[in-house]
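Scroll down for the structure; my scribbles are underneath it.
Note that the coordinates shown come from a computational prediction; the quantities given were computed from them, not determined experimentally.
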Amino acid sequence: MNAIPLDYETLRLIWWMLLGVLLIGFAVMGGRDMGVGALLPFAARTDDERRVLLNLVGPTWEGNQVWLVLGGGAIFAAFPPLYAVSFSGFYLAMIVILLALILRPVGFKFRGKIKDPRWRATWDWALFIGGFVPALIMGVAVGNVLLGAPFHLDDTMRSFYTGNFFLLLMPFGLLTGLVSVGMIVTQGAAVIAGRTTGPVAERARTYGSLAGVLTLVLFALGGIWVSFWMDGYAITSVVDGNAAINPLAKTVVLTRGGWVANYGLYPWMIAAPVLGFIGLIGAVVGLQARLRLPTLLSSSLAIFGIVSTAGLSLFPFLLPSSTVPNSSLTLWDASSSHLTLFIMLLVTAFFLPIILLYTAWVFRVMRGNVSTQSLEKNPNAY
């Protein structure tokens, strides 16, 4: 008799949703830091202004990376075939992301060591790269998942990736990359405008409003592209959510506009893109109306809607194959064992609330405006 209280299919669905929660958590929380970094050379013009922005995210950026670590860990433990194929096939793109992210802690620590303006300007642009590049490449990666990755599995389940880094930079991939950058910049602008005053806040409102409008247009264009100009994937064989892992035991076909089929099967999914549009409009209106909390909540809602739209459109696919569609990975055939998923769920149920409570406490302690005057009173400021 099976001692696990949840069946295999339910656990797979739960972990698919948890993976989405972790990725959205990183986009919302890490997006604050990346967005501020991407705006650093533009929203702030003087050294004092840039120090204000650094100290907006300096005390919390390390904690926000927990969501990235948890997301990677969830892929590794809950969906090992996805981890094996994606991390080996996209390794160059991931190395670029990691190198860009490394610039952030180095920039925080080294920027203030020397007062030479050229030294500090160099690190300011390094921090810009640390915010802009990861947002761009992560968005490009999502676009390439929708297009399908060039890999296939042989009879022994070995994966073979036949693409390269530059093949990722296709027009649709660049479009989704710009959507990612736009929503992250909007998030960063909401943070800056909500916790600073004066010219810095005004510039952030200007750049954030432009980014929000651009993201809204590109998100709509992406929806049209996926609906009318792109082939989506569909499983035509019988799906058994409780079956053992075997990615090759299914039949997959490509159909024009196939990624929007889920919205007909599950009408409630249309809430995701609707929330994306509402969030972007709310963020732009909030920035122009100088509303602090509503603007940040709206930009976070936009991220939730945009990322959820991609995930729900792909369901149940995790990584489609553009070369051999039957090798595509889905949540039904690329997960860990029944027992592993259950043990991981118990661990997550214990630790995730702790992370949420600690994050809420940190942001409560660090609340309030940051200004040049407040930095003068803080000997530990960047």
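Two residues are said to be in side-chain contact when any heavy atoms from C-beta on lie closer than 4.5 Å; Val57 and Arg104 fail this criterion. Within the 4.5 Å cutoff, the side chain of Leu345 has heavy atoms near those of the Trp15 side chain. At a threshold of 4.5 Å between non-hydrogen side-chain atoms, the residues Thr372 and Val52 count as touching. A 4.5 Å side-chain heavy-atom check between Leu216 and Ile281 finds at least one atom pair inside the cut-off. Contact check for Ser88 versus Phe151: no side-chain heavy atoms found under the 4.5 Å cut-off. Looking at heavy atoms from C-beta onward, Ile355 lies in side-chain contact with Leu70 at the 4.5 angstrom threshold. Contact check for Trp225 versus Pro171: side-chain heavy atoms found under the 4.5 Å cut-off.
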| task | Begin from the C-alpha positions of Leu275 and Ser308 and carry the test side-chain contact (heavy atoms from CB on, under 4.5 Å) through to its verdict. | result | CA-CA 9 Å; Leu275 290 177; Ser308 296; over 6 Å; no

| Do Arg120 and Arg50 pass the side-chain contact (heavy atoms from CB on, under 4.5 Å) test, and can you show the C-alpha distance, the side-chain angles, and the key distance before you say yes or no? | CA-CA 10 Å; Arg120 295 192 171 186; Arg50 291 179 177 178; over 6 Å; no

| Trp61 and Phe108: CA distance, side-chain angles, deciding distance, side-chain contact (heavy atoms from CB on, under 4.5 Å) verdict | CA-CA 11 Å; Trp61 76 266; Phe108 279 130; 3.3 Å; yes

| said: Walk me through whether Phe42 and Trp125 qualify under ring pair (Phe, Tyr, Trp, His ring centres under 6.0 Å). | reply: CA-CA 10 Å; Phe42 310 105; Trp125 284 105; 5.8 Å; yes

| Given Trp16 and Phe315, is the ring pair (Phe, Tyr, Trp, His ring centres under 6.0 Å) satisfied, shown in steps? | CA-CA 9 Å; Trp16 173 76; Phe315 179 84; 4.8 Å; yes

| task | Output, in order, the C-alpha distance, side-chain angles, deciding distance and verdict of side-chain contact (heavy atoms from CB on, under 4.5 Å) for Val66 and Thr359. | result | CA-CA 10 Å; Val66 169; Thr359 301; over 6 Å; no

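No donor-acceptor pair closer than 3.5 Å links the side chain of Arg205 to the backbone N or O of Arg290. Here the side chain of Arg195 pairs no donor or acceptor atom with the backbone of Val370 at under 3.5 angstrom. A donor-acceptor pair under 3.5 Å links the side-chain atoms of Arg367 to the main chain of Arg364, judged by distance alone. For Trp67 (side chain) and Met29 (main-chain N/O), no donor-acceptor pair under 3.5 Å exists by modelled atom type. The backbone N or O of Ser321 lies less than 3.5 Å from a partner atom in the side chain of Tyr233, making a donor-acceptor pair. Distance alone, capped at 3.5 Å, places no donor-acceptor pair between the Arg292 side chain and the Ala193 backbone. Arg32 contributes no side-chain N or O that, together with a main-chain N or O of Gln187, makes up a donor-acceptor pair within less than 3.5 Å. Side-chain atoms of Asn164 come within 3.5 Å of backbone N or O of Leu167 as a donor-acceptor pair. Using modelled atom types, one side-chain atom of Trp259 and one backbone atom of Leu146 make a donor-acceptor pair closer than 3.5 Å. A distance-only check finds a donor-acceptor pair linking the side chain of Thr162 to the backbone of Pro150 [under 3.5 Å].
Each of Ile129 and Trp123 belongs to its own hydrophobic cluster when Ile, Leu, Val, Met, Phe, Trp and Tyr are linked at side-chain heavy-atom distances under 4.5 angstrom. Hydrophobic clustering (ILVMFWY, side-chain heavy atoms < 4.5 Å, transitive): Ile184 and Val284 are in distinct clusters. Leu92 is connected to Leu103 through a chain of hydrophobic side-chain contacts under 4.5 Å among Ile, Leu, Val, Met, Phe, Trp and Tyr, so both are in one cluster. Transitive grouping of hydrophobic side chains (ILVMFWY, heavy atoms separated by less than 4.5 Å) brings Leu352 and Leu346 into a common cluster. Under the 4.5 Å side-chain heavy-atom criterion for Ile, Leu, Val, Met, Phe, Trp and Tyr, Leu210 and Met34 are members of distinct hydrophobic clusters.
In this structure, Leu127 and Gly107 approach most closely via the heavy-atom pair CD2-CA, 4.1 Å. Pairing each heavy atom of Ile270 with each of Tyr263, the nearest pair is N-CD2, 3.6 Å. Pairing each heavy atom of Ser335 with each of Pro80, the nearest pair is C-CD, 4.0 Å. Between Glu49 and Pro199, the shortest heavy-atom contact is OE2-CB, 4.2 Å. The minimum heavy-atom distance between Thr295 and Ala190, with the atom names listed, is CG2-CB, 3.7 Å. Heavy atoms only, all atoms of each residue included: Leu319 and Ala149 are closest at CD1-CB, 4.0 Å.
Annotation for Phe128: atom CZ counts as buried by contact number, over 12 foreign heavy atoms lying within 6.0 Å. Phe87 CZ: more than 12 foreign heavy atoms inside a 6.0 Å radius.
Not a single side-chain hydrogen bond (donor to acceptor under 3.5 Å, both in side chains) links Tyr207 to another residue, sequence neighbours left out. With sequence neighbours excluded, no residue satisfies salt bridge (charged side-chain N to carboxylate O under 4.0 Å, His left out) with Asp155. Under the rule for a side chain to side chain contact (heavy atoms under 4.5 Å, CB included), the partners of Ala77 that lie at least two apart in sequence or sit in another chain are Met344. For Phe219, the ring-ring contact (aromatic ring centres under 6.0 Å, His included) partners are Phe277, not counting sequence neighbours. Every residue two or more places apart in sequence or in another chain was checked for a ring-ring contact (aromatic ring centres under 6.0 Å, His included) with Phe79, and none qualifies.
A side-chain contact (heavy atoms from CB on, under 4.5 Å) with Met138 holds for exactly one of Leu23, Val133, Thr176, Ile97; it is Ile97.
Put simply, OG on Ser337 and CD1 on Ile343 are 7.5 Å apart, with the number rounded to the nearest 0.5 Å. With rounding to the nearest 0.5 angstrom, the OG atom of Ser327 is 8.5 Å from the CE atom of Met157. Here the CD1-CD1 distance, from Ile102 to Ile95, works out to 8.5 Å after rounding to the nearest 0.5 Å. Taking CD1 of Ile14 as the reference point, atom CG of Leu331 lies at 12.0 Å (rounded to 0.5 Å). Note that CD of Gln65 is 5.5 Å distant from CZ of Phe26, once rounded to the nearest 0.5 Å. Distance CG/Leu168 to CD1/Ile137: 9.0 Å, rounded to 0.5 Å.
Defined by atom type and a distance below 3.5 Å, a donor-acceptor pair is present between the side-chain atoms of Thr156 and Asp154.
A parallel orientation is assigned to the rings of Phe160 and His152, their planes being inclined by less than 30° (bins at 30° and 60°).
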Could you pull out all donor-acceptor pairs under 3.5 Å where a side-chain atom in residues 242-254 meets a protein atom, sequence neighbours excluded?
residue : atom : partner : partner atom : Å
Asn242  : OD1  : Tyr8    : N            : 3.2
Asn242  : OD1  : Glu9    : N            : 2.9
Asn246  : OD1  : Leu248  : N            : 3.3
Lys250  : NZ   : Pro247  : O            : 2.5
Lys250  : NZ   : Asn326  : O            : 3.4
Lys250  : NZ   : Ser328  : O            : 2.4
Lys250  : NZ   : Asp333  : OD2          : 3.0

